[in-house]
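See below for the structure under consideration.
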Amino acid sequence: MRTIGVDTGERTSGDARGPTFAQRRRLALHGARRQVARGRAFAREALEDWGWVGQEASEDALLVVSELVTNANLHGGGCHELLLRGGAAFRVEVYDGLGDLRRLAPGARLRTPGIPGGHGLLLVRRLADRWGAEAIAHGKVVWAEFDAERLWRPAPGHA
């Protein structure tokens, strides 16, 4: 897999009020097969490496990764990249090729009654501590964050 450069995904606007991220991992998914499975395995490895496994919130974070990658494929013109950041929070960023934010706007109907689907962003909203979306030069990024305290598992004997 190749790393995607600044022109297709790297966030350039920083929010000084948000959490800080000391670690970062990127996975290029544009044109890859089994994107959801790859993204989930990639996120699981990052959570394990950063010591954030074994808590219910870590499973929630993996579900959110699956939902965001799936949504990028179904509604965003395909998933281009998965970016994970670790530090004061675990941040999942999924980049796609369609910059339409109307379905994600505050107050937008996330689900149509009687039609299958539409539960993914409801799950993201419920499971993550924060989530949102931003238009970028070549599409959009949909992100979700989990506070580190929810993910961290103390070492044995340090409970």
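Residues: numbered from 1 along the sequence shown. All values below come from the heavy atoms of this structure, side chains included, with hydrogens, waters and symmetry mates left out.
- For residues 61-72, the pairs satisfying side-chain hydrogen bond (donor to acceptor under 3.5 Å, both in side chains) are R40-S66, with sequence neighbours left out.
- Partners of A57 under the side-chain contact (heavy atoms from CB on, under 4.5 Å) rule, at least two apart in sequence or in another chain, are R150, L151.
- The CZ atom of F42 lies 11.0 Å from the CG atom of L47; values are rounded to the nearest 0.5 Å.
- The shortest side-chain heavy-atom distance between W143 and R130 falls under the 4.5 Å cut-off.
- The shortest heavy-atom contact between A72 and D96 is CB-CB, 3.9 Å.
- Taken to the nearest 0.5 Å, the CD atom of E93 stands 9.5 Å off from the CD1 atom of I136.
- Residues G77 and L98 share a closest heavy-atom pair of N-CB, 4.2 Å.
- The minimum heavy-atom distance between W52 and A148, with the atom names listed, is CZ2-CB, 3.7 Å.
- Taken to the nearest 0.5 Å, the CG atom of L121 stands 7.0 Å off from the CG atom of L68.
- For R126, there are no side-chain hydrogen bond (donor to acceptor under 3.5 Å, both in side chains) partners two or more places apart in sequence or in a different chain.
- Listed here is the closest heavy atom pair of L101 and A133: CD2-CB, 3.8 Å.
- In this structure, D129 and D147 approach most closely via the heavy-atom pair OD2-N, 2.6 Å.
- In this structure, CG on L84 lies 11.0 Å from CZ on F21, to the nearest 0.5 angstrom.
- By the side-chain contact (heavy atoms from CB on, under 4.5 Å) test, Q23 is found to be paired with W50, residues two or more places apart in sequence or in another chain being considered.
- Scanning all heavy atoms of the two residues, the minimum distance from V124 to A144 falls at CG1-CB, 4.2 Å.
- Using bins of under 30°, 30° to 60° and over 60° for the plane-to-plane angle, the ring pair F90/F146 lands in the tilted bin.
- Considering only residues two or more places apart in sequence or on other chains, E45 meets the salt bridge (Lys or Arg N to Asp or Glu O under 4.0 Å) condition with R25.
- Taking the side-chain hydrogen bond (donor to acceptor under 3.5 Å, both in side chains) definition, one finds that Q35 meets it with N73, sequence neighbours left out.
- Atom CD of E145 sits about 4.5 Å away from atom CZ of R91, to the nearest 0.5 Å.
- In this structure, the side chains of L123 and V64 stay at 4.5 Å or more apart for every pair of heavy atoms.
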